[in-house]
Amino acid sequence: MHDDDRCPCLSGDTYGACCGRYHSGAATAPTAEALMRSRYSAFAVGDGAYLLATWAPQTRPEAVETGDEQWRRLDIHRTERGGPFDTTGVVEFTAFYRYPATGERGRLHETSRFVRQDGRWYYVDGDREARGR
């Protein structure tokens, strides 16, 4: 992905002006929603290291597989708290994907929980429902 490509999170900004700056470490996500969008984009570009780095230490797995899905669309349904002065946040979203080899499509609906520690947002866990493969 190039900095001038459209960001996978569909914010309308370029990757470099949006999630790319978080992935590169040039900036940190200021809100829970920004972190959730950047994590979605990390799945889309296959950046497992970013996914691990933004996972809360208390729930972080040893490894993350990004899979062979092509992430196609992200819909944010709601957010609770998660602002620059909050310590917790919730983001409910649906992410749509397709498997290139088979053309099979699916979606992931999740209500994700986030925590802000030492001025940084981290993904804690989520309640999810997947449909498709």
Side-chain angles (χ1 to χ4, degrees):
M1 169 128 320
H2 301 286
D3 281 351
D4 57 349
D5 290 341
R6 190 171 113 174
C7 191
C9 82
L10 303 179
S11 66
D13 287 334
T14 63
Y15 177 68
C18 192
C19 296
R21 62 194 167 131
Y22 305 136
H23 295 171
S24 71
T28 59
T31 65
E33 181 179 336
L35 180 64
M36 192 256 112
R37 286 179 173 279
S38 70
R39 287 177 55 82
Y40 168 86
S41 291
F43 274 105
V45 300
D47 191 345
Y50 180 80
L51 293 166
L52 285 173
T54 57
W55 209 309
Q58 62 268 29
T59 59
R60 181 184 303 140
E62 289 188 27
V64 173
E65 290 186 30
T66 54
D68 59 351
E69 308 91 352
Q70 286 181 337
W71 294 93
R72 312 291 282 183
R73 190 175 95 213
L74 174 66
D75 294 344
I76 305 290
H77 303 299
R78 70 181 173 92
T79 61
E80 293 177 17
R81 298 174 309 284
F85 303 107
D86 294 318
T87 56
T88 62
V90 173
V91 179
E92 181 183 2
F93 68 92
T94 301
F96 298 84
Y97 58 89
R98 183 175 76 83
Y99 289 97
T102 64
E104 185 178 351
R105 299 173 188 274
R107 68 180 182 149
L108 170 69
H109 177 260
E110 182 169 310
T111 302
S112 299
R113 287 175 284 282
F114 298 87
V115 63
R116 190 164 62 94
Q117 299 170 335
D118 299 323
R120 294 181 73 113
W121 283 102
Y122 294 93
Y123 170 78
V124 176
D125 61 15
D127 298 324
R128 65 177 52 182
E129 170 192 345
R131 291 200 179 146
R133 183 178 192 194

_Applying side-chain contact (heavy atoms from CB on, under 4.5 Å) to Val124 and Trp55, what does each step give before you reach the verdict?_
CA-CA 6 Å; Val124 176; Trp55 209 309; over 6 Å; no
*Any donor-acceptor pair under 3.5 Å from Arg60 side chain to Leu52 backbone*: yes
*asked:* Set out, in order, the CA-CA distance, both residues' side-chain angles and the distance that settles side-chain contact (heavy atoms from CB on, under 4.5 Å) for Thr54 and Thr28, then state yes or no.
replied: CA-CA 10 Å; Thr54 57; Thr28 59; over 6 Å; no
_For the OG atom of Ser38 and the NE2 atom of His23, what is their distance to the nearest 0.5 Å?_
5.0 Å
*Looking at OH of Tyr122 and CZ of Phe114, how far apart are the two atoms once the value is rounded to the nearest 0.5 Å?*
13.5 Å
*Do NZ/NE/NH1/NH2 and the carboxylate oxygens of Asp127 and Arg113 come within less than 4.0 Å?*
yes
*Measuring from Leu108:CG to Tyr97:OH, what's the distance to the nearest 0.5 Å?*
7.0 Å
*asked:* Can a donor-acceptor pair be found, under 3.5 Å and without considering hydrogens, that links the side chain of Arg37 to the backbone of Glu33?
replied: no
_Starting from Tyr50, can I reach Val64 by hopping between I/L/V/M/F/W/Y residues whose side chains sit under 4.5 Å apart?_
yes
*Going through the checks in order, is the side-chain contact (heavy atoms from CB on, under 4.5 Å) test met by Leu74 and Met36?*
CA-CA 10 Å; Leu74 174 66; Met36 192 256 112; 3.6 Å; yes
*Could you state the interatomic distance from CZ (Arg107) to CZ (Arg131), rounded to the nearest 0.5 Å?*
4.5 Å
*Enclosure of Gln58 CD (heavy-atom neighbours >12, cutoff 6.0 Å)*: yes
*With rounding to the nearest 0.5 Å, note down the distance linking CG in Asp3 to OG in Ser24.*
7.5 Å
Solution key, residues 82-94 side-chain donor-acceptor pairs under 3.5 Å, sequence neighbours excluded:
unit_1, atom_1, unit_2, atom_2, d
Asp86, OD2, Gly82, N, 3.1
Asp86, OD2, Gly83, N, 2.8
Thr88, OG1, Arg81, NE, 3.1
Glu92, OE1, Arg78, NE, 2.6
Glu92, OE2, His109, NE2, 2.7
Thr94, OG1, His77, NE2, 2.6

*asked:* List the residues meeting side chain to side chain contact (heavy atoms under 4.5 Å, CB included) with Arg73, not counting sequence neighbours, and say none if there are none.
replied: Leu10, Asp75, Phe96
_Criterion side-chain contact (heavy atoms from CB on, under 4.5 Å) on Tyr99 and Glu69, from CA distance to verdict_ = CA-CA 5 Å; Tyr99 289 97; Glu69 308 91 352; 3.4 Å; yes
*Is the NZ or CZ atom of Arg39 positioned over Tyr123's six-membered ring, under 6.0 angstrom from the centre and within 45° of the axis?*
yes
*asked:* I need the minimum non-hydrogen distance between Gln117 and Pro57, along with the two atoms involved.
replied: OE1-CD, 4.0 Å
